[in-house]
Each structure stands twice: as C-alpha cells, then as structure tokens.
Amino acid sequence: MLYSKMLIPTLREEPKDAEIDSHKLMLRAGLVRKSAAGLYTFLPLGFRSLLKVTRIIREEMNNAGAQELLPPFVTPADLWKESGRFDKMGKEMLRFKDRHDNEMVLGPTHEEAFTNIVRENVHSYRDLPLNLYQINTKFRDEIRPRYGIMRCREFIMKDAYSFDADEAGLEANYQAMRTAYRNIFRRCGLSVDPVLADSGSMGGSGSEEFMVPSQVGEEMIVKCNSCGYVANTERAAAYREYPESKETPEVLSETSTPSVRTIDELTAFFKTTPQKFIKTLIYIADGAPIVALIRGDMDVNEVKLKNAAGAIELELASEDKVYEITGAPVGFAGPVGIKKIRIIADISVPPMVNAITGANRKDLHLVNVNPGRDFEWEKAADIQSIREGDLCPECRKPLNAYHGIEVGHIFKLGYKYTDSMNVVFLDKDGKEKKPIMGCYGIGVGRTIASVIEQSHDENGIIWPMSIAPFHISIIPVNVSDETLMEASRKLYAALKQNYEVLMDDRDERAGVKFNDADLIGIPIRITVGKTFAAEGKFELKLRAGKDKEVLSETDLIRRIGEIYAEETAKYSGN
RNA sequence: CGGGUUGUAGCGCAGUUCGGUAGCGCGCUUGGUUCGGGACCAAGAGGUCGAGAGUUCAAAUCUCUCCAGCCCGACCA
C-alpha cells in the first residue's frame, strides 16, 4: 500500500478529550475517529488491526469447535419479553419501534437470540453439543462512555453460546473456551490474567474474566502472590476469623446520640472501635426494601449482596426512602424492631456481642444489641468488600490489589435461558431435557486498546506483528531522488509478495516520515536513504528496538524473513 | 440523574472582564529554496464564534432558554 493513497490522518497534537494513552494514540495514529459520545469510526489503519484480531479470534474459536453465524443486530423485543429481561435490562438497552409499531431492541447481548436459534432448530441430543458464536456490533447505552474505544456504547464483540446435553458437556466446552481465550490473547500479544469472577446464581468455579493488568482498568482484582489465587473483588472472599467474644450479653439500652451518624463519628462518640458497630444499610432490591447488616469496620459489596438476596437490580435507598422505612433519618437505622423487611446479615454480624446500632429514631442509638436475641435475619452470607492486605482465602497470606481491563469473560449460564424460553431436546432415553448453556465474550475493540495500552512508548504505538496494520514500512527519505525512489519501488514490489508493506511515498521530509512511522508503530522499518546512496544498502530498524542494521538487498530480504518467522512463531496458533 | 467545566477554522488555543463586525500556532493550497528525526520564505484558502430568542445603532462578548462534549459523583448510614 502506498501511504500517499491511504487515509491516515495522524495528529501532531494530543486531542484534548483523550485521557489515557491508548485513546490518545489511537486518535493520533489515525486508527479511529469519534462520531459521538461512545461511537467510533475505525479508519482504514485501525480497521486493518481490527480485522487481524477478529481473524485470530475466528481461528481459535473454530479450532475449539465453535461455529460462526450472524444474527441481526436488531432484535425483536418479543424475545426479550419472553426471557423476562425486557423490563429488567434498564436504560442501557436501546429500544425503538419500527414503522409497524413493533418494538425492537439494539442487541446489548445475545443470549435470547442464540437460545431462540437453538430452540427453533435443535431437537435431538444428536445435535448437541453446540457452540455458536458471532462477531457483531453490540449497543449498550452506557451511562458514561469513556476512554475512547475502551468503554463505548457501540462496540464489536465476539460472543459465543454453548449448548450441552449435560453438565459434563458444559464443562468440556467451558474448558475449550478457556484454552481458546488464552491462545487468542497470547496471539494478540496481550498478557492477561484469568481471574475468578462473579458468577451470579451459578456459583462455583463457573466464571472467569480475562484481565489485562493496567492502571486504567475499571475492575479491581486481588491476587495472592504466594499461592496464585486471583479474583475480582466483586467475588473475592477474604479469610477472616471471628473469635468468640468473651463478653456476656448485657441488657439492651438506648443512648442519646444527637447528630452522630457516621461510623467515624460514632467511634469517637462512644470511645470504642468500629468493630463494635453493626452498620445497617437500606437497599432497594427489585423494588422492595432490604436491610443489609455488616460489622462497622467493613463495607458491603453490592454484587455479593445482590447475589445473596437473589436480586437482579439493587440500589442504595434514597434518604427519603430510608426515612420512610426506618422512621429515622440516615445514620440512625438499625435491625432491632425492623419488621416485614428482609434482613441479610454479613457473616461478621452473628458472632457479635453487645454491639451498637441505630435505634430507628432520630438522634438515638442502641447499645448492647445482641444478634439472635434482639433481632433475627433471613440469611447470613459473605457480603463484605475485600481490600488490599486482606488474607487469601486459600493460603491466608496478604492479598495484593490491582486494576485490570476486562477483555474477555467466560461463564456457565446454566439453564437460565433454556428454562425461561423453554428449549427442549429429546435425549437418548427418549425424554425431553433442557440444554445447559455457557456464554463466552471478548471485547474486540477493547482488546486492541489494551494492546496499545500495554505496548507503546513516548513516540507511539508498538504493534505486535500479529495484529499490526502492516508488517513493514518502507521510507524513501527523499522522493525527488529518482535513484532512491527506483530502489524503494523495487524493494516494495519484492516485499509485497510475502508481506503487508506500507510504502511512505509522500513528499515529506524524512523527520516527518520517521515520526509518523513511530506513531503508527509498524514493526519493521526500512529506510532507503544515505546508506543506499553511499553503498547501495538499506537500513532496517525494528519499532520495538533501538538498533539499526545496514544490509544489502539480499541480506535484507533474508533478515526480514528471519524476523517475520520469529515473530510469527511467537504469536502462532500453536 | 447531581456537581463542575468547556463549546471560536481540520487540530490545539487566545479574544468575552470593559459590546464596535474575529485572531495565533499547527495542519491545508500554490510557488520557490531545502531534504536522515515533526524545515524555511512568500502568497493564499478556510469560521452561521454550539443553537435559538432577547437587549442594543451595533453582540463571540450582555440576558434568558436549549443542545452537545469532557471530568467527578451517582457507594456505605
């Protein structure tokens, strides 16, 4: 490809709206342009890399026995109503009506669509197992899109859905995807950690996220350096001891606490430790209030609470609601006397003796509150947030915390959709059964952004060979020098046979070309300039390195062959 | 949805306090000189100043309304 013919609008200055390196570089290198908040155009250069990533994904998915198909981006709302998610999805699902007044949805995810395809076309155990996938556009009307391609509203995702006759089959599919994912990210030159993730109602080891460790990641991960335990803080369970208290339960009494409401204020007021308090939080779970209890020195993890409560939507109650429910302003809620409202207690609460809680009356707290004696709870569960330094649940060593970008997620869905949408097949024994599902996603754009986030320097992107938009760039230093141009054209024609080559034939100064080449980040750079004029040799430099090699045409072609073979091996499918 | 902030040429910005008919750098076009790390000289093109309404002889500038972008928050009693 000739540079002069290609649309590569590089930018000298940093776009002011970009915050993170990958976003700045994708804009500066002319890979993408924004159309509106969370909506991006992939320009020719960016699209080439996108296609390479999707090619790798396809190879690995197909290799793992999955089959690609292409459902429409627009889904009829009926399917969503059937699964019960139409009302539960919230505003991130964009809805609209067509000219016939039919309700439609821009697919934010495709469980329903795939389940429906299977329901209509699969009727026998002979058709199973199946793993179907698409690489398609998704739309989620995010509250706040940010970081460019990292968190978009419209984005490209590979999502796969597996259907098996039994759990053993699901496990096999899951493991195949796990392997495929490791291969995909390795081939893209990304180093990722598979971490234990929240698995919703399924529990167990049925959910892993593939995380790229990065400062700009939006997820928090804890990792144990001694045994290797890695988990998303949404689900990580710290090891904690709850020693039996030596105190004997005392008589419940009230204490006036005018305007003392936070744990800090209360700790100071009562001259005690946060561990003495039972923090009482009021949440609204699927429209109904619930009470969450936790020891004063800990925080509630809403994902865990949501799971413990079996809720789909969970949000903290507003101040007004708190007043309505407890009869007291925020800061004075407590479990004693709460009726007809579900109470979920953290496992830290039942062992407490002579605790302090709000009295559900303004400016009043209760002391010597004893769980079981003074109040009951529906369920005790681990609903606590984990923090850096908490102990590893496996080996009890302190955990480290870091940020990660979620580029992939695999998890076992179970029967959720085959139940709600009533999908059945006839098993060997002649009985109707429901297939068990798994779900496996990869954010394609996010993968590219993560690679750039992980592989760049102050001058620009450093592409891994496997997903670079081109393998080689040729820079004739002076286009008005016919000798150089002649040699460049000849070299270009030769290399083009085996490689993807970008020839910078623009009438620009050498400095401009070098800087653009660095920005764009093509792995191999060949300069045709003074060394050619002097001794008929080419200069070869790798984007990732500093050294330059001066080589004759024959040596150059051989050297490129070596480098390419080496790189290809590094990112190969095996 | 709340708080903050910004909308002026393709990009980055000044001009708004104190109204007088729009400017700088980069980029772009043409010509020339240059040519190995973002050259120089000269001449140009390019703007409904986010939108609308109002005040005024006169509005980028003052008033009101709306829209959009960005950042923070929407989480701990």
Side-chain angles (χ1 to χ4, degrees), chain A residues 9-20 23-24 27-28 30 33-39 90-91 143-148 233-234 257 259-267 274 277-284 291-303 305-306 314-319 321-323 325-326 328-335 346 356-360 362 365 383-385 458-460 475-481 484-485 504 506-519 525-534 538-539 541 548 550:
Chain A
T10 59
L11 262 23
R12 280 195 190 192
E13 292 182 74
E14 286 195 349
K16 68 166 178 176
D17 289 347
E19 276 214 301
I20 63 172
H23 188 197
K24 288 178 190 167
L27 256 9
R28 286 231 293 138
R33 281 294 183 268
K34 184 167 82 169
S35 326
L39 305 177
K91 287 199 180 150
I143 296 176
R144 216 182 121 198
R146 67 184 113 180
Y147 297 154
T233 49
E234 283 180 352
T257 52
S259 300
V260 185
R261 38 184 96 214
T262 66
I263 292 292
D264 279 352
E265 289 163 8
L266 285 160
T267 306
F277 297 89
I278 299 175
K279 202 146 82 173
T280 306
L281 281 63
I282 316 296
Y283 282 90
I284 305 296
V291 172
L293 305 177
I294 194 163
R295 209 170 69 189
D297 60 318
M298 299 180 186
D299 293 322
V300 166
N301 175 326
E302 290 187 1
V303 175
L305 175 60
K306 201 195 285 189
L314 182 81
E315 58 173 356
L316 205 63
S318 65
E319 290 191 21
K321 288 262 190 199
V322 171
Y323 198 93
I325 293 157
T326 67
V330 165
F332 301 98
D346 181 61
I356 304 169
T357 74
N360 296 327
K362 189 173 189 299
H365 276 77
I383 57 167
Q384 45 191 258
S385 292
E458 66 279 10
N459 297 319
I475 299 183
V477 145
N478 183 347
V479 292
S480 50
D481 182 329
L484 294 187
M485 285 312 287
D504 195 346
R506 294 175 300 166
D507 183 11
E508 286 288 353
R509 315 198 82 216
V512 172
K513 296 189 186 187
F514 288 141
N515 280 308
D516 275 338
D518 285 348
L519 219 206
R525 186 184 89 192
I526 298 160
T527 310
V528 188
K530 64 184 174 195
T531 57
F532 188 83
F538 300 92
E539 181 185 287
K541 181 183 172 296
K548 296 170 183 170
V550 177

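Because the structure is predicted, anything quoted here is derived from the model rather than measured. We name chains A, B, ... by the order of the sequence lines, and we start the count at 1 in each one. Every heavy atom of this structure was used, including side-chain atoms; hydrogens, water molecules and symmetry mates were not.
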Could you tell me the Watson-Crick or G-U partner of [N], where both distances fall under 3.5 Å? Say none if there is no partner.
N	result
rA68(B)	rU6(B)
rC28(B)	rG44(B)
rC1(B)	rG73(B)

Checklist entry - Tell me, do F277(A) and T267(A) make a side-chain contact under 4.5 Å, heavy atoms counted? => result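 Yes, side chains in contact.
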Next on the checklist: Let's see if you can work this out: which of rG38(B), rC76(B), rC71(B) has an atom nearest to the side-chain heavy atoms of Y283(A)?
Outcome noted: rC76(B)
Next on the checklist: I need the T357(A) OG1 to K279(A) NZ distance, nearest 0.5 Å.
Outcome noted: 14.0 Å
Classify [X] by what it touches in the nucleic acid, base, sugar-phosphate, or nothing, heavy-atom distance under 4.0 Å.
X	value
D516(A)	base
I282(A)	base
I294(A)	nothing
G331(A)	base
K530(A)	base
S385(A)	nothing
V479(A)	nothing
R28(A)	base

Item to check | 5' precedence on RNA chain B between A510(A) and K34(A) (nearest-nucleotide basis) | outcome: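 The residue whose closest nucleotide sits nearer the 5' end is A510(A).
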Checklist entry - Pick the nucleotide of RNA chain B nearest each of K548(A) and I263(A); which residue has the one closer to the 5' end? => result K548(A)
Checklist entry - Would K513(A) and E508(A) pass as an ion pair if we require N to O under 4.0 Å? => result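 Salt bridge absent between K513(A) and E508(A).
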Is the base of [N] touched by the side chain of [X] through a donor-acceptor pair closer than 3.5 angstrom?
X	N	result
R525(A)	rG37(B)	yes
E13(A)	rG25(B)	yes
N478(A)	rG36(B)	no

Checklist entry - Atom CG of L519(A) and atom P of rG37(B): how far apart are they, to the nearest Å? => result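 Answer to the nearest Å: 17 Å.
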Same-atom distance ([atom1]) from [N] to [M], integer angstrom:
N	M	atom1	answer
rG12(B)	rG69(B)	P	16 Å
rU48(B)	rU30(B)	P	24 Å
rG25(B)	rC18(B)	P	29 Å

Checklist entry - Does OP1 or OP2 of rG7(B) have a side-chain N or O of K16(A) closer than 4.0 Å? => result no
Checklist entry - Would you say rA39(B) has OP1 or OP2 under 4.0 Å from some side-chain N or O of R509(A)? => result yes
